[in-house]
There are 2 protein chains.
Amino acid sequence: MADLVYRSVMRDIKQKILANEYQGMRLPDERSLSTSYQVSRSSIKRALGVLAQQGIIFKKRGSGTFINPLYLKNRSLFRYEGSNVGVTDSFKFGNHKQGIRLIDYQVVPASTDLQQDLFLDDNDFVYKIRRLRLVDDQPFMIETGYIPIKITPTLSPAIVKSSIFNYLENAKGKRVTKSFMSISVAPSKIEDQRLLKLKPTEPVGIMEGVFFLDDGTPFEVSNMRVHYKYMKYSTFVNLDQES
Amino acid sequence: MADLVYRSVMRDIKQKILANEYQGMRLPDERSLSTSYQVSRSSIKRALGVLAQQGIIFKKRGSGTFINPLYLKNRSLFRYEGSNVGVTDSFKFGNHKQGIRLIDYQVVPASTDLQQDLFLDDNDFVYKIRRLRLVDDQPFMIETGYIPIKITPTLSPAIVKSSIFNYLENAKGKRVTKSFMSISVAPSKIEDQRLLKLKPTEPVGIMEGVFFLDDGTPFEVSNMRVHYKYMKYSTFVNLDQES
DNA sequence: CAGTGGTCTAGACCACTTT
DNA sequence: AAGTGGTCTAGACCACTGA
């Protein structure tokens, strides 16, 4: 993993930032970095580009490259919870025990909405999988997922009780790294209150997502209703290069 | 705007995708595009890279470049509401009238939290600005913002009643394009209920953000409490190149 | 005017997928 | 083996910032 030039430069610079090895919140200019790392300026640019994308540094044409002060002061924010939450199997659990209770598992015809999102035909079927997720034995999320059977005809309740994504990656060599997420808020329904142990006045966060395989095949539609105390999505937003 | 090579290639390809000019959801290979557009392959790569970043296409080493089927089917999703929500003055209002009511406007010493986030000293002061935002005369968000006076000593209630970011960009030549956002959920408080016309059982979405100037200076800390019916944050997530 | 990041090129070679 | 995207280089030139 990562014997790539720009990768290792990136790691090294990141480490140096954390070790406070740069003066005045400022990095050396790209040409100096290029000679000191003995790599091309393009590779330096690429490394810095990724760091900038992640909000760790800011590049300012004509002036130089600067460290985001918040990265040093408040580093936990930069752990990309955002990108991980939503990817079903990589929620952040420090030392906490994670559990899954299977609520429902069946094969049903794909609704028209699902046909749209999963790129299916009229006669296609999907797994419908409902799971209750727990941390330290506390329920925090109801997850309803739909997966086309034609993508993974070999799913089973046993697999579904642990990590579908891990199964896919390990057994099938398919990775899920892309998703389209939509986040909203709603009062809790009776079922939410029951399963998540919520009071009637307590709300849920809703995360709806479509997950894709590496080649762009839509793989899963997921609807997650999250206990409000556990609901937190953090992300760095860069409005530059859009449209 | 955008006489850049990779920009115009990007726009053209995007338009061709929408016009369905590519067969079988697949783009021509990079070398062909390079010759047909008469630009270097690097520029093609860059254009495609941005489109991939936005989730419009998928690139698969060894196989080719493919159009995200959801981009064609469900294009409204790809309008990057995500990146815009949170940037205070670019919420999505189709044809809707936008309004602002100034609730509070004062200068106060920066709390220690604010000193942290805005990179301030013990004796620094900030504007504290509370605004109620409306669409079609319906209140939908309570926004509390903190801005260091030393960054914009010339703020005024009149400016604050409209767009601070526009003022900054037009009058000061400073752009705000980057932010760190954190999204959560909470039951509504009495004040939320009063200002946003919520029932006690109805919740709010909370968006907290730190906004940065182009050079990386933290510029504003903002806390937004959003009426749950108006709360929607959508974004494309790419887990590839992380860490 | 010197310094800095941004864009663009042309080409070599590598890694993976498909036939 | 052929085709495709990924990495990397070396260098030219541009655009902006700041002394």
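Order of the sequence lines sets the chain letters (A, B, ...), proteins ahead of strands, with each chain counted from 1.
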5' priority, DNA chain D, between R41(A) and K45(B) [closest heavy atom]: K45(B)
Nucleic acid contacts of residues 57-66 of chain B, taken as heavy-atom distances under 4.0 Å to DNA chain D: K59(B), K60(B), R61(B), G62(B), S63(B), G64(B), T65(B)
Residues forming a side-chain contact (heavy atoms from CB on, under 4.5 Å) with Q23(A), sequence neighbours excluded: none
Any residue meeting salt bridge (Lys or Arg N to Asp or Glu O under 4.0 Å) with E30(B), in chain and number order, not counting sequence neighbours: R41(B), K45(B)
First and last nucleotide of DNA chain D, 5' to 3', lying under 4.0 Å from heavy atoms of chain A: dT7(D) to dT17(D)
Residues which pass ring-ring contact (aromatic ring centres under 6.0 Å, His included) with F66(A), listed by chain and number, not counting sequence neighbours: none
Ring pair (Phe, Tyr, Trp, His ring centres under 6.0 Å) contacts in which one or both residues fall within residues 19-57 of chain B, not counting sequence neighbours: none
Sugar-phosphate only, base, or nothing, as touched by S42(A) at under 4.0 Å among non-hydrogen atoms: base
Partner residues of K150(A) under the side-chain hydrogen bond (donor to acceptor under 3.5 Å, both in side chains) criterion, sequence neighbours left out: D124(A)
Ion pair check, K16(A) and D12(A), cut-off under 4.0 Å: yes
By side-chain contact (heavy atoms from CB on, under 4.5 Å) - contacts of Q38(A) (at least two apart): none
Set of residues satisfying side-chain contact (heavy atoms from CB on, under 4.5 Å) with respect to Y127(B), sequence neighbours excluded: Y105(B), V107(B), I129(B), I147(B), I149(B), T152(B), L155(B)
S40(B): partners by side-chain hydrogen bond (donor to acceptor under 3.5 Å, both in side chains), with sequence neighbours left out: S43(B)
side-chain contact (heavy atoms from CB on, under 4.5 Å) involving S184(A) - partner list, sequence neighbours excluded: I206(A)
Neighbours of DNA chain D within residues 24-40 of chain A, by heavy-atom distance under 4.0 Å: R31(A), V39(A), S40(A)
